[in-house]
Amino acid sequence: MQRIETQRRRAYVVRLICAQLVVMLVGAVLVYPFAQMPGVVSVITGALVAVLPHAFFIQRLGIFRNTRRTSGAMDLFRAEAGKFGLTVALFALVFVVVPPSNPAFFFSAYVAVVLTHWLAPWLMPGKSHN
């Protein structure tokens with residue numbers, strides 16, 4: 001039973017990451033006619049600021065590890081704290097190194113990717129969606 005639950009979690013995570021990347025690509029395609037490449041770069045950097053900390057969180061929780069390991073509350077807390085710290089660092093890095101040409105596109109892409117978690121009930125395999 002534990003193995004089936006682990007497979008469900010992995011499938012959910014893969015689907016969520018794919019959905020986040022699709023949101024990023026759709027945003028880039030929608031922005032291109034209005035702002036050309038600088039707008040696309042703003043969308044991609046905004047989406048990556050959301051996706052990279054999420055990937056770090058998943059890695060820290062060990063969802064893709066094959067070993068049987070229980071994750072306790074402290075592991076969850078550490079992963080979430082690391083995700084928050086990485087998000088802050090990425091925001092600072094983006095605004096210092098590659099200032100977005102259009103902050104509205106940058107923040108819209110960030111919010112759209114973060115809100116992709118709302119799709120979780122439809123991405124979860126094997127559950128009814130009543």
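Pairing each heavy atom of Val23 with each of Ala112, the nearest pair is CG1-CB, 3.8 Å. Looking at every heavy atom in both residues, Ala109 comes nearest to Ala47 through CB-N, 4.0 Å. Heavy atoms only, all atoms of each residue included: Ala28 and Val40 are closest at O-CG2, 3.5 Å. Nearest heavy-atom pair, Ala79 versus Phe56, reported as atom, atom and distance to 0.1 Å: O-CE2, 4.2 Å.
Among residues two or more places apart in sequence or in another chain, the ring-ring contact (aromatic ring centres under 6.0 Å, His included) test is passed with Phe57 by none. By the side chain to side chain contact (heavy atoms under 4.5 Å, CB included) test, Phe84 is found to be paired with Val88, residues two or more places apart in sequence or in another chain being considered. Ala35 meets the side chain to side chain contact (heavy atoms under 4.5 Å, CB included) test with Val31, Phe105; sequence neighbours excluded. Evaluation of the side chain to side chain contact (heavy atoms under 4.5 Å, CB included) rule for Leu115 yields Val111, Trp118 as partners, not counting sequence neighbours.
Of the inter-residue distances, the one linking Ser108 atom OG with Leu30 atom CG reads 11.5 Å to the nearest 0.5 angstrom. Rounding to the nearest 0.5 angstrom, the gap separating the CD atom in Gln20 from the CG atom in Leu25 is 12.0 Å. Arg15 contributes atom CZ, which lies 15.5 Å from atom OG1 of Thr116 (distance to the nearest 0.5 angstrom).
No chain of hydrophobic side-chain contacts below 4.5 Å, direct or via other Ile, Leu, Val, Met, Phe, Trp or Tyr residues, connects Val114 to Val26. Both Tyr12 and Leu76 belong to a single network of hydrophobic side chains, linked directly or stepwise wherever heavy atoms of I, L, V, M, F, W or Y lie under 4.5 Å apart. Note on Val49 and Leu86: same hydrophobic cluster, where clusters join Ile, Leu, Val, Met, Phe, Trp and Tyr whose side-chain heavy atoms are under 4.5 Å apart, directly or indirectly. Cluster membership for Phe95 and Val113, using ILVMFWY side-chain heavy atoms within less than 4.5 angstrom, is not shared.
Each side chain to side chain donor-acceptor pair (under 3.5 Å) pair with one or both residues in residues 76-100, not counting sequence neighbours, would appear here, but there are none. The side chain to side chain donor-acceptor pair (under 3.5 Å) pairs that include a residue from residues 40-55 are Ser42-Ser101, where partners are two or more places apart or lie in different chains.
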task = Decide yes or no on side-chain contact (heavy atoms from CB on, under 4.5 Å) for Val43 and Phe106, but give the supporting numbers first.
result = CA-CA 5 Å; Val43 167; Phe106 175 82; over 6 Å; no
message = Test side-chain contact (heavy atoms from CB on, under 4.5 Å) on Val51 and Met24; report intermediate values, then the result.
response = CA-CA 9 Å; Val51 169; Met24 178 178 69; 5.7 Å; no
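Looking at heavy atoms from C-beta onward, Leu90 lies in side-chain contact with Pro53 at the 4.5 angstrom threshold.
Of the residues Ile17, Val14, Leu16, the one that meets the side-chain contact (heavy atoms from CB on, under 4.5 Å) test with Ile58 is Ile17.
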